[in-house]
Number of protein chains: 2
Amino acid sequence: MQKSVSLTPLRVACSGCYLRELCLPRKLTDSDMAQLDNLISLKHAYQRGDFLYRSGTRFQSLYAIRTGFFKTQVLHVDGREQVTGFQMAGEIIGMDAISSDTHTCDAIALEDSEVCEIPFNQLEELSRKLPSLQRHLHRILSREIVRDQGIMLLLGSMRAEERLAAFLLNMSLRFAKRGYSPTSFHLRMTRQEIGSYLGMKLETVSRTLSLLQGMGLINIRNKSVELHNMPRLQALVGPPPQLL
Amino acid sequence: MQKSVSLTPLRVACSGCYLRELCLPRKLTDSDMAQLDNLISLKHAYQRGDFLYRSGTRFQSLYAIRTGFFKTQVLHVDGREQVTGFQMAGEIIGMDAISSDTHTCDAIALEDSEVCEIPFNQLEELSRKLPSLQRHLHRILSREIVRDQGIMLLLGSMRAEERLAAFLLNMSLRFAKRGYSPTSFHLRMTRQEIGSYLGMKLETVSRTLSLLQGMGLINIRNKSVELHNMPRLQALVGPPPQLL
DNA sequence: AATCTTACTTGATGTAAGTCAAATTTCGAT
DNA sequence: ATCGAAATTTGACTTACATCAAGTAAGATT
């Protein structure tokens, strides 16, 4: 099923990579770090299309994305699906499953990816000993809540152009944080997936992207995007058309 | 600002009320409970319209609603607002603020309410000592993430009737859990607030409620609702019209 | 390189929900 | 009880987005 191959037989500490900056607390001693390293020792590789986990399966671990790109989606009874997020390197995934010990969404690799497994019981145990780790875990959980509320705002009250502008700016910001260009990047997901995430049909995504291009704000060719005018994109997200 | 009056000078333990069932872990010893009681000792009263907290203010505590009804909303730069949730007795509110030590939304009482304050630092400290409390806190945070994803699904892929059916059934479930009738209850929020929450205009809320009434599924008179046919309401939420 | 499949774009048309507006009801305050 | 403000309902009209339908381009597979 999920083709998870342990790339290296030896232990590969995630704290050794730049994950440290994004996912791990700062104020830990070397000894603390060692304990954390010990915890986050399982690395897995996934190919495009592989499931990291499936809705309904038992929860055991959170996952820290080392490299690559994932989407999470919830499936409705009738087959409708809603993409709930796109996750990239340095982000933690799987937190929805804590509440019921069962995954409530699917996580699927959008490109070949590497992931560090974080057994949750052990993380809880360690975070009881290390207050700064505990606090960090709480922040990560809370950040996910804030992110979701931002999307609720987007889905509940924005128009197609605004949604796409917000989406592109969000991608831009996240690429920039990882040292990539904020103005030129490659989308890993299809128009369909973008549409599901933003609550619109793929045709509308396509049309609206063409529109933004027509306005000179972006350049989009298949999955490659260039943001030509970030301030105006930002302005588009901000003030509404006639509502103010 | 927030008219928070300490109702009783003496300590009022929240664990003494039915909050225990909804918010607190089970497997605690009496001694553990006593510590928890000690932590959750501050009770405040709010009148309709009062702010429990405001976006931008410093985060210090979570709040357990003892009685009453709140809404949370995020405000956009331009004045647009999105209601992100309605909270009732037994629910915990304020978790979005952990990530940045700052509240990211407003919480406003929809009726006169009582709230127990839970200083978060102390909660963290105690949960380091009590694994079952720690686990419970994590579950509560995760449950909020799952809830938000459900709303994303609703906002992203449901039609007006489906949204309202889902909303009414959710209210019904939550009232039922608290021992109230699942089929007959009183909405505390305006059509406007329902609309904001569900991503539609107040006129559409009104029209759609009339429609559901016309179909014989509900009876609504101002803010009093009766659900006459829960299975059909459920069916409405489930399968889409022609999409399957 | 050729073929097949899957993504993407663009146009024509339909529709659910938004907007504007007026009438009615409810509720709080005097 | 009366008044005024706010909430709700309902109607007429508009619009943003969905749907349906080709046609084109990109990627995968052989």
Side-chain angles (χ1 to χ4, degrees), chain A residues 47-50 71 80-83 108 110-112 154-165 167 186-215 218-225 236 240-244, chain B residues 47-50 71 80 82-83 108-112 154-165 167 186-215 218-225 236 240-244:
Chain A
Q47 297 188 320
R48 190 158 78 85
D50 284 349
K71 69 167 174 179
R80 265 181 291 191
E81 66 183 45
Q82 170 78 27
V83 171
I108 300 167
L110 293 179
E111 63 181 19
D112 294 0
L154 181 146
L155 290 173
S157 71
M158 287 189 187
R159 296 153 3 77
E161 301 162 42
E162 301 173 313
R163 292 181 198 194
L164 268 164
F167 170 74
H186 188 251
L187 298 172
R188 271 75 172 182
M189 66 295 285
T190 66
R191 302 288 190 265
Q192 156 98 318
E193 287 162 336
I194 297 172
S196 171
Y197 183 56
L198 299 180
M200 52 212 249
K201 296 289 147 172
L202 69 99
E203 294 96 328
T204 307
V205 173
S206 180
R207 261 186 254 278
T208 307
L209 286 173
S210 300
L211 186 81
L212 292 178
Q213 186 166 37
M215 297 196 290
I218 66 171
N219 193 7
I220 185 158
R221 160 105 189 144
N222 204 27
K223 291 192 158 118
S224 305
V225 201
L236 203 55
Q242 72 280 19
L243 210 92
L244 191 110
Chain B
Q47 298 188 319
R48 189 156 78 86
D50 284 350
K71 70 168 174 179
R80 266 182 291 192
Q82 170 79 27
V83 171
I108 300 167
L110 293 179
E111 63 182 20
D112 293 0
L154 181 146
L155 290 173
S157 72
M158 288 190 187
R159 296 154 2 77
E161 301 162 42
E162 302 173 312
R163 292 180 198 195
L164 267 164
F167 170 73
H186 187 251
L187 297 172
R188 270 74 172 184
M189 66 295 285
T190 65
R191 302 287 189 266
Q192 156 98 307
E193 287 162 336
I194 296 173
S196 171
Y197 183 56
L198 299 179
M200 52 212 251
K201 295 289 145 167
L202 68 98
E203 293 95 328
T204 307
V205 173
S206 180
R207 261 185 255 278
T208 307
L209 286 173
S210 300
L211 185 81
L212 293 177
Q213 186 166 38
M215 297 195 290
I218 66 170
N219 193 6
I220 185 157
R221 159 106 190 142
N222 203 24
K223 293 197 158 113
S224 305
V225 200
L236 202 56
Q242 72 280 18
L243 210 90
L244 191 112

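Here is the naming used below: chain letters follow the sequence lines, and residue numbers restart at 1 for every chain. The model shown is predicted, which means the values in this text are computed figures rather than measured ones. Both backbone and side-chain heavy atoms feed into the values below; hydrogens, waters and symmetry mates do not.
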Nucleic acid contacts of residues 187-197 of chain B, taken as heavy-atom distances under 4.0 Å to DNA chain D: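 Hits under 4.0 Å, by residue number: B:Thr190, B:Arg191.
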
Step by step, would you call A:Leu236 with A:Leu212 a side-chain contact (heavy atoms from CB on, under 4.5 Å)? CA-CA 10 Å; A:Leu236 203 55; A:Leu212 292 178; 3.7 Å; yes

B:Arg159/B:Glu161 salt bridge by N-O under 4.0 Å criterion: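 Looking at B:Glu161 and B:Arg159, the cut-off is met.
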
What is the bend of the helix from C:dA1-D:dT30 to C:dT30-D:dA1 when you compare the axis at one end with the axis at the other, using five pairs each and rounding to 10°?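 Between the axes fitted at each end of the helix from C:dA1-D:dT30 to C:dT30-D:dA1 lies an angle of 60°.
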
Any donor-acceptor pair under 3.5 Å joining the side chain of A:Arg159 to the base of C:dG18?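 Result: no qualifying N/O pair found.
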
Does the C:dG18 base have a donor-acceptor partner in the side chain of B:Arg207 within less than 3.5 Å?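 Checked by distance alone, the answer is no.
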
List the atom of B:Thr204, the atom of B:Ala160, and the distance in Å for their closest heavy-atom pair.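 Here B:Thr204 and B:Ala160 meet closest at CG2-CB, 4.2 Å.
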
Smallest separation among heavy atoms of B:Ser224 and B:His186, with atom names: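 So the two residues come closest at OG-CD2, 3.8 Å.
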
Can you figure out which of D:dT9, C:dG18, D:dC20 approaches the side chain of B:Thr204 most closely?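 For B:Thr204, the side-chain atoms sit closest to C:dG18.
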
Can you confirm whether [X] sits close enough to [Y] that some side-chain heavy atom of one is under 4.5 Å from a side-chain heavy atom of the other?
X: B:Arg48; Y: B:Leu110; value: no
X: A:Val83; Y: A:Met189; value: no
X: B:Leu187; Y: B:Phe167; value: yes
X: B:Met158; Y: A:Arg80; value: yes
X: A:Glu193; Y: A:Leu202; value: no

Atom-to-atom span, [atom1] of [X] to [atom2] of [N] - whole angstrom:
X: B:Leu209; N: D:dA7; atom1: CG; atom2: P; result: 16 Å
X: A:Leu198; N: D:dA16; atom1: CG; atom2: C1'; result: 16 Å
X: A:Ile220; N: D:dA25; atom1: CD1; atom2: C1'; result: 14 Å
X: B:Arg221; N: D:dT9; atom1: CZ; atom2: C1'; result: 12 Å
X: B:Leu110; N: D:dA6; atom1: CG; atom2: C1'; result: 16 Å
X: B:Leu211; N: D:dG11; atom1: CG; atom2: P; result: 13 Å
X: B:Lys201; N: C:dA21; atom1: NZ; atom2: P; result: 16 Å
X: B:Leu155; N: C:dA17; atom1: CG; atom2: C1'; result: 14 Å

Relative to the 5' end of DNA chain D, which residue comes earlier, A:Leu202 or A:Arg48, by the nucleotide with the nearest heavy atom?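 By nearest-heavy-atom nucleotide position, the 5'-most residue is A:Leu202.
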
How do A:Glu203 and A:Met158 order along DNA chain D: which one's closest nucleotide is nearer the 5' end?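 Closest to the 5' end, via its nearest nucleotide, is A:Met158.
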
Taking any heavy-atom pair under 4.0 Å as a contact, classify B:Thr208: base, sugar-phosphate, or nothing.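 No contact at all - B:Thr208 keeps every heavy atom at 4.0 Å or more from the nucleic acid.
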
Counting only side-chain nitrogens and oxygens, does [X] get under 4.0 Å of the OP1 or OP2 atom of [N]?
X: A:Ser206; N: C:dT9; value: yes
X: B:Asn222; N: D:dT9; value: no
X: B:Lys223; N: D:dT8; value: yes

Test applied, side chain to side chain contact (heavy atoms under 4.5 Å, CB included); reference residue, B:Arg163; option that passes from B:Thr208, B:Ile194, B:Leu154: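 Result for side chain to side chain contact (heavy atoms under 4.5 Å, CB included) with B:Arg163: B:Leu154.
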
